[in-house]
Structure formats: structure tokens, C-alpha cells
Protein chains: 2
Amino acid sequence: MCIMDVMNLLQTAGPAVDASCCVPSDKPVLGIEEAQRKALVFKALADPNRLRLLSIVKAEASGESCVCDLTEPLDLGQPTVSHHLKILVEAGILHREKRGTWAYYSLVPGVMDDIAGILSAL
Amino acid sequence: MCIMDVMNLLQTAGPAVDASCCVPSDKPVLGIEEAQRKALVFKALADPNRLRLLSIVKAEASGESCVCDLTEPLDLGQPTVSHHLKILVEAGILHREKRGTWAYYSLVPGVMDDIAGILSAL
DNA sequence: CACATAGATTGACATTCATCGATATAGCTG
DNA sequence: CAGCTATATCGATGAATGTCAATCTATGTG
């Protein structure tokens, strides 16, 4: 806490002092654990290649994409794409469904709105 | 491109083949540069302490917070907080205004909606 | 069963990043 | 001007991350 804050607190009442830098709010700050949980979602979005993966999955008319069609347009190796997809699934953004030999990835319904909600509720 | 895609492409027309993993979409993928630009915003949000900073700034009734009141509740050193604030400013999320000795940080108006827009437009 | 293919996992490596201590800069005050 | 205070910048360090090559697992096919 800075000195100006102390000065403010010493004032038991009365109008705001000028020359004060600010009055600290006593509202509850976003908790550490909750902040970490929310940061996980944005970490998942914080990579250009993962954003491109999402754009491909989203553009797919069927709503689904398999890994083999996600690897080529990104010019990345197959293990790297699998790694990115895993991060997106663990963040709750993508859904993974294995049918036979192939794995299909799709957007979790409503997840974009959910993320927008996280922002609004900060 | 996987073998099943090749098989699909070799079919000049006709109904969808079963046993195909997927049909690659020819829609334009999010470009590399655009993806990098958008990822910058999410990188800025991808840290728990930066989310907490945003929550404090947002909760402030005046809409502004100075660094001295942002340092204590996060239990971080002053240089670290300055560093995080710089990242948020460079991402276009926070606005910095220096008045006298103090620096005041405030949310850029409408930025939350802008970020939600980035998500929708992926 | 033997083999091929789709996808996941592992281990290594280089890069990026969060954090801190020390220092620099800029504005205020005597 | 000298000293103090708020904030920014710098340099170093340890941790996290993106990428790849190699390998593993599971499913389908002869």
C-alpha cells in the first residue's frame, strides 16, 4: 500500500483528498485459483496454430474434422497437431470423438459464448 | 493429405463414400499473420495475475487504478506488475494515462466486446 | 496372424515467459 | 538544486511451452 493510501485511510470521513493517487477498492479480487482456471482457457487460445485449428474445425460444414485434414493446412507435424488438439480438448473448447480408426474433433456447443461470459464476469 | 482424402478427390462426382475419414474443406483458413495478431490478445489474457489485474481495474468505481494499488493485492513485486500492465496495454486491453507522479490504468472501452468478436469471427 | 494406417505418447531441444533485484527516469517538495 | 517517491526498464534465472523424431497403441485388412 502506498503512502497516499495510508493518508486516505487515516481520514475517518469527509470528502476525497486531492493529490491522492487513488482509493483502494475493497471489493473482492478475482481469487488465485479461479484466475488460474480461467487463464487455462485463454492459454489454450494463445497460440496462432491453435486459433487456425479452431478456424478450420469451425468452417467445416459437418462441424467435425479429423486429424489427417488438420495436419496439412497448418504445415505442422502430426504429433504437434495432436498436442494442440489435446490442449484445446482439455480447455473444454473442442470435443473429441473416436469412430473407428479416426478421431473427429468438433467445437463444444456454446463454448464461444461461455468464453465471452468469462470475460464479462472478470 | 491422408489416403482417404486422395480417394475422395479421385471420385469426380457421386455420393459420399463411406469409410472416408472426412472431406477437406476448401474454405480459407485463418491466415498465419492474422492468427498471430489475434493470438497476442489471448496471450495477454493467458496469465492468472493479469486476469486478476483486470478484475481489479474493472471493479474500481472510478474505472481507474494506479500501480501502487495493484501491487499489493497480487503479492507481486512492483516491476512485475509494471511488466504485466505493459503487456495488457500493448494488447490494446488497458489504457495508460500518466498524471503527475502516478500512472492510471483503465479498461479500453468496448474491448471485452471486441475480444468476443474475435472469437465469433474465427 | 501379419501388416498397414490413424492417432497418441514420449523424450529432447530451443524458445518464450514470469519473476525478481538492481537501476534508471520522471515528477514532486523542501 | 537535493532528496524523495512512483513507475519503468534492464539483466539474470528458472519454469513453461512449441516443435520434432521416434515410438507406441489401436483399428482395420489381407
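Predicted model, so just to flag it, every value in this text is computed and none were measured. Below, chain A is the first sequence line, B the second, and so on; all start at residue 1.
Remark: side-chain polar atoms of Ser55(B) are paired, donor with acceptor, to backbone N or O of Leu30(A) under 3.5 angstrom. A donor-acceptor pair under 3.5 Å links the side-chain atoms of Lys58(A) to the main chain of Ser120(B), judged by distance alone. Of the possible donor and acceptor atoms, one in the side chain of Lys43(A) sits under 3.5 Å from a partner among the backbone N and O of Ala46(B).
Computed from coordinates, the Leu85(A) CG to dA6(C) P distance equals 16 Å when rounded to whole Å. We find that OH of Tyr105(B) is positioned 15 Å from P of dA6(D), with the value rounded to whole Å. Following rounding to the nearest Å, Arg52(A) (CZ) and dG18(D) (P) show an atom-to-atom distance of 16 Å. The distance between atom NZ of Lys86(A) and atom P of dT19(D), rounded to the nearest whole Å, is 16 Å. In this structure, the CD atom of Glu97(B) is 15 Å from the C1' atom of dT7(D), given to the nearest Å. Counting to the nearest Å, the P atom of dG7(C) and the CG atom of Leu88(A) are 16 Å from each other. Rounded to a whole Å, the CH2 atom of Trp102(B) is 9 Å from the C1' atom of dT5(D). For Glu64(A) and dG7(C), the CD to P distance is 12 Å, given to the nearest whole Å.
Rounded to 10 degrees, the angle between the two end axes of the helix from dC1(C)-dG30(D) to dG30(C)-dC1(D) is 20°, with five pairs used at each end.
On a pure distance criterion of 3.5 Å, a polar donor-acceptor pair joins the side chain of Gln78(A) and the base of dA8(C).
Between Lys98(A) and Pro79(A), the residue anchored nearer the 5' end of DNA chain D, judged by the nucleotide with its closest heavy atom, is Pro79(A).
Taking the side chain of Ser82(B) as heavy atoms from C-beta on, and the options dG27(C), dA8(C), dA8(D), the nearest nucleotide is dA8(D). If you check dT5(D), dA21(D), dA8(D) against the side chain of Thr101(B), the one that comes closest is dT5(D).
Classification of Arg37(B) and Glu33(B) as a salt-bridged pair fails, no side-chain N sitting under 4.0 Å from a carboxylate O.
With contacts defined as side-chain heavy-atom distances shorter than 4.5 Å, the pair Ile118(B)/Phe42(B) qualifies. Inter-residue side-chain proximity for Trp102(B) and Val67(B) is flagged as unmet; no heavy-atom pair is nearer than 4.5 Å.
With Tyr104(A) as the aromatic partner, Arg99(A) meets the cation-pi criteria of under 6.0 angstrom to the ring centre and within 45 degrees of the ring axis.
Residue Leu107(B) is tested with His95(B), Glu64(B), Met112(B), Glu60(B) for a side-chain contact (heavy atoms from CB on, under 4.5 Å); the sole match is Met112(B).
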Side-chain donor-acceptor distances from residues 78-92 of chain B under 3.5 Å, at least two apart:
residue  : atom : partner  : partner atom : Å
His84(B) : ND1  : Arg50(B) : NH1          : 3.0

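Side-chain nitrogen and oxygen atoms of Arg96(A) include at least one within less than 4.0 Å of the OP1 or OP2 phosphate oxygen of dA8(C).
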B/S/- contact track for nucleotides 13-18 of chain C, protein heavy atom under 4.0 Å = ----SS
